[in-house]
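Throughout, protein chains are lettered first and strands after them, A, B, ... in sequence-line order, and every chain is numbered starting at 1.
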Number of protein chains: 2
Amino acid sequence: MDSMIRLTSNQRKVLEVLEQTGKPIGAYAILEKTGFRGAVQVYRALEKLIDLGLAQKLESLHAYIRVSPKDETELTAFAICDHCGHIHQLTEAREIRQLHECLAQMDFAVCRSVIEIHGACSTCVSSKRNK
Amino acid sequence: MDSMIRLTSNQRKVLEVLEQTGKPIGAYAILEKTGFRGAVQVYRALEKLIDLGLAQKLESLHAYIRVSPKDETELTAFAICDHCGHIHQLTEAREIRQLHECLAQMDFAVCRSVIEIHGACSTCVSSKRNK
DNA sequence: TGAAGAATGTTATGTTATAACATATCATTT
DNA sequence: AAATGATATGTTATAACATAACATTCTTCA
Ligand SMILES: [Zn+2]
Ligand SMILES: [Zn+2]
Ligand SMILES: [Zn+2]
Ligand SMILES: [Zn+2]
């Protein structure tokens, strides 16, 4: 992959942590796992990864997650299971596109979209029912 | 209004600040305006106001805003103009309902929905065009 | 009135994020 | 190679946001 080549050492380390973690992780937890000397190194690396579309911040969790670089930020929604921490990423959903179209009709120019739906995923819902 | 009667002195003060401000305001800015002795009083009041549906937090801004109590949290989206700070609140939009239905079909049980779309509002877009 | 509960006050601390500046690393030109 | 400039990293301090733990005051109603 071409974009990988551009990553610096710190950026690669953070990306690896995000991938190994597989779910949202806070900047200070990344700090521990990387062994960087300060939080600023984490935030600088995250900024770049987010720019490249390799990571995203979940605002309602103050945490960061690896995402597929092709997924357009503006058209992505996250369903966050508050029980198991599992993240379901909805990509290119028609519903999101329609929301944006609705805004476009109001002459609102979208540049960034934060869609984070909290709740319980199917696994957790059914495990609750069965006890 | 019936719900007003339940509010304590601190809660009323915070609500007034939110109303006078008319746009998102941070907890520590509320602290200054109310003259409370500590941040904790602000957060306690905000918690209650949010419970009552009188206020909401904008996660991506770390700020709080007055909302109409009838607006159901799960069905509300905010369009946030990053230029003028103006908030457009989309209530009961069909698009949001559809997004939730989409999640329901995945057996995801929604309990809280954070939808914050950043960009430029029509006023700001057109003022940019004209310079 | 005086106990119980609610609200507020106080202090300290935890958590997340950035500012400001110093140093190191690496490629390019001379 | 030495000088230059650009990018990356390190360091320290602090800003900004949020909660824990406990003390005091204020209501309320038996
Ligand atoms: Zn789950
Ligand atoms: Zn799940
Ligand atoms: Zn605007
Ligand atoms: Zn506007």
Handout entry: Whether His100(B) side chain and Glu74(B) backbone form a donor-acceptor pair below 3.5 Å
Key = yes
Practice task
Just report the end-to-end axis angle for the helix from dT1(C)-dA30(D) to dT30(C)-dA1(D), five pairs per end, to 10 degrees.
Solution key: 10°
Handout entry: Side-chain donor/acceptor of Glu116(A) to backbone N/O of Glu59(A), under 3.5 Å
Key = yes
Handout entry: Distance in angstrom units between Lys48(A) NZ and dT7(D) C1', rounded
Key = 10 Å
Exercise for the section: Measure from the side-chain N and O atoms of Gln41(A) to the backbone N and O of Phe36(A), and report whether any donor-acceptor pair falls under 3.5 Å. Expected result: no
Problem - Enclosure of Arg112(A) CZ (heavy-atom neighbours >12, cutoff 6.0 Å) - result: yes
Fill in the blank from the handout: Scoring nucleotides 15-27 of chain C by protein non-hydrogen atoms under 4.0 Å (B base, S sugar-phosphate only, - none) yields -BBBB--------
Exercise for the section: Output yes when at least one side-chain N/O atom of Thr8(B) is less than 4.0 Å from OP1 or OP2 of dT8(C), else no. Expected result: yes
Practice task
Give a yes or no on whether Val67(B) and Leu90(B) share a hydrophobic cluster (residues Ile, Leu, Val, Met, Phe, Trp, Tyr; joining criterion: side-chain heavy atoms under 4.5 Å apart).
Solution key: no
Exercise for the section: Starting from C1' on dT27(D), measure out to CZ on Arg6(B) and report it in whole angstrom. Expected result: 16 Å
Practice task
Using only heavy-atom distances, determine whether the side chains of Ser60(A) and His118(A) contain a donor-acceptor pair under 3.5 Å.
Solution key: yes
Problem - Atom-pair distance (CZ on Arg37(B); P on dT24(D)), nearest Å - result: 15 Å
Problem - Arg66(A) side chain to Leu54(A) backbone, donor-acceptor under 3.5 Å - result: yes
Practice task
Can you tell me the distance, in whole Å, between the CG atom of Leu49(A) and the P atom of dA8(D)?
Solution key: 12 Å
Practice task
Can you establish whether the number of heavy atoms outside Lys57(A) located under 6.0 Å from its atom NZ is more than 12?
Solution key: yes
Exercise for the section: Using a cut-off of strictly less than 4.0 Å, decide whether Gln41(B) has a side-chain nitrogen or oxygen near OP1 or OP2 of dT8(C). Expected result: no
